[in-house]
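In what follows, every heavy atom counts, from backbone to side chain, and hydrogens, waters and symmetry copies are set aside. Position 1 is the first residue of the sequence, and the numbers go up from there. Atoms within a ligand are numbered from 1 in the order they appear, just like the ligands themselves.
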Amino acid sequence: MSTIYHFKTMPISSPKSYPKRIAIVGDLGLTYNTTSTINHLTGNNPDLVLLVGDVTYANLYLTNGTGSDCYSCSFPDTPIHETYQPRWDYWGRYMQPLVSKIPIMVLEGNHEIEEQAENQTFAAYRSRFAFPSKESGSSSQLYYSFNAGGIHFIMLGGYVAYNKSDDQYKWLEKDLANVDRTVTPWLVATWHPPWYSTYTAHYREAECMKVAMEELLYEYGVDLVFNGHVHAYERSNRVYNYTLDPCGLVHITVGDGGNREKMAIEHADEPGKCPEPSSTPDKFMGGFCAYNFTSGPAAGNFCWDQQPEYSAYRESSFGHGILEVKNETHALWTWHRNQDMYNKAGDIIYVVRQPEKCPIKPKKQMMGDKAKRD
Ligand SMILES: [Fe+2]
């Protein structure tokens, strides 16, 4: 019924597959800023687009043609439950020139929850994209994995149960154990709400997910994490448990796609900008876990009093990023601001893997191996 389109997927792994360019973007919506982001992104000639949640913001538009600025309007126990579905079509039509030529992989954000009667959630999101869940052994469309260009991508759900006894966690354990680092040396994990963001907006909101999953991702040597949700850019140093760690993960927030909500500007470490801890959780975040720090420079407090050492670079500008894996150990990350010329980068960093220095097998498994040998 439509024109036939085609695109080329990246090879799973081959030295010849390097370097390929993966565009990573979050919190797009459809605004003047979004169109600038997508123009810049298209100009960077990606081979794959990764959208880390918050797709159309349909839930912030009402059926009478107006918009809603009430962030929690789409959540239960509020009078308004409208989510204007034609926005999904507008967005699809707008993105067609790009995503009919280049593959896009998507994970869900809070704006995709769109809760309906009988607790039905993510209905529009699930029906408009294809997810390789079965192929990756997952029983849910809301978390899955895939391989492309020497990278094993793990797409996690920040709004789906993630504790040790939950399906998502068990699936993640299995998925990580099955990664063959000779085929995909790079391990990239993505989910929507960041763990290491220093902005006041959504500060430590996903702490329960961090408490549940950080150790597992660290033990398996995940190299990079990409998140959205916070409408700004931030890149961390290698960090684990809020402490600098040479084998820790690099966390990058690219929630700066340009949607209709405000940009995040204030930092939690500025005077008077540390949010109330009780303001952090909501129904879909899986409870409250963000207590005052018990050690480190911010011990006894909920926020640092200066930019935390784990925060390497932060800036409130709209934009997108390009991940370019050069070989088994080196990947180039560039972040591009919308207000800059197409070939200019706002942040450039080489991420270097050191598998010989950082063991990639989990401690438990290593202990098991040792026991076998003994
Ligand atoms: Fe979000």
Side-chain angles (χ1 to χ4, degrees), residues 24-31 33-34 37 49-61 67-76 78 80-81 83-84 87-88 91 95 104-115 121-126 128-129 141-143 155-160 162 189-210 225-234 251-266 268 275 279-287 290 314 316-321:
I24 305 174
V25 67
D27 304 68
L28 272 178
L30 186 48
T31 69
N33 290 315
T34 314
T37 303
V49 178
L50 217 64
L51 174 49
V52 293
D54 283 359
V55 179
T56 72
Y57 289 74
N59 70 335
L60 291 191
Y61 294 84
S68 158
D69 284 323
C70 165
Y71 177 77
S72 57
C73 282
S74 61
F75 292 107
T78 55
I80 303 168
H81 292 269
T83 161
Y84 187 52
R87 294 297 304 188
W88 280 96
W91 190 89
M95 292 293 281
I104 183 169
M105 297 302 271
V106 187
L107 65 85
E108 71 280 6
N110 50 308
H111 286 277
E112 283 71 71
I113 297 172
E114 299 187 302
E115 189 175 29
T121 50
F122 299 106
Y125 169 75
R126 291 176 207 251
R128 284 167 189 268
F129 296 103
Q141 293 167 304
L142 302 175
Y143 44 89
M155 316 289 269
L156 296 175
Y159 307 99
V160 195
Y162 42 61
T190 72
W191 59 90
H192 186 61
W195 297 348
Y196 286 97
S197 166
T198 62
Y199 290 89
T200 301
H202 307 299
Y203 181 68
R204 298 182 67 190
E205 194 181 84
E207 194 91 355
C208 288
M209 187 191 183
K210 178 180 178 298
V225 171
F226 292 99
N227 306 116
H229 200 45
V230 175
H231 300 159
Y233 175 72
E234 186 159 17
H251 294 253
I252 297 176
T253 300
V254 281
D256 56 344
N259 65 74
R260 59 169 284 158
E261 291 181 325
K262 286 186 196 121
M263 176 171 274
I265 293 168
E266 295 171 348
S279 68
T280 57
D282 68 44
K283 176 183 172 182
F284 291 97
M285 300 304 304
R314 59 188 184 184
S316 300
S317 291
F318 291 127
H320 75 283

Next item on the list: Rounded to the nearest 10 degrees, what's the angle NE2 of H192 makes with OD1 of N110 at the Fe ion (ligand 1)? Could you check?
Entry: 90°
Item checked: Presence of N, O or S from H111 under 2.8 Å of the Fe ion (ligand 1) -> no
Next item on the list: Confirm or rule out an N/O/S atom of D54, from backbone or side chain, lying less than 2.8 Å from the Fe ion (ligand 1).
Entry: yes
Notebook entry, point to check: With sequence neighbours left out, what residues match R128 under salt bridge (charged side-chain N to carboxylate O under 4.0 Å, His left out)?
Noted result: D89
Check: Are the side chain of Y125 and the backbone N or O of E108 linked by a donor-acceptor pair below 3.5 Å?
Finding: yes
Item checked: side-chain contact (heavy atoms from CB on, under 4.5 Å) partners for A201, two or more places apart -> A264
Checklist line | H229 near the Fe ion (ligand 1) via N/O/S, less than 2.8 Å | finding: yes
Note to self: Is the ring pair H202/H231 parallel, tilted or perpendicular, if the boundaries are 30 and 60 degrees?
What the structure shows: perpendicular
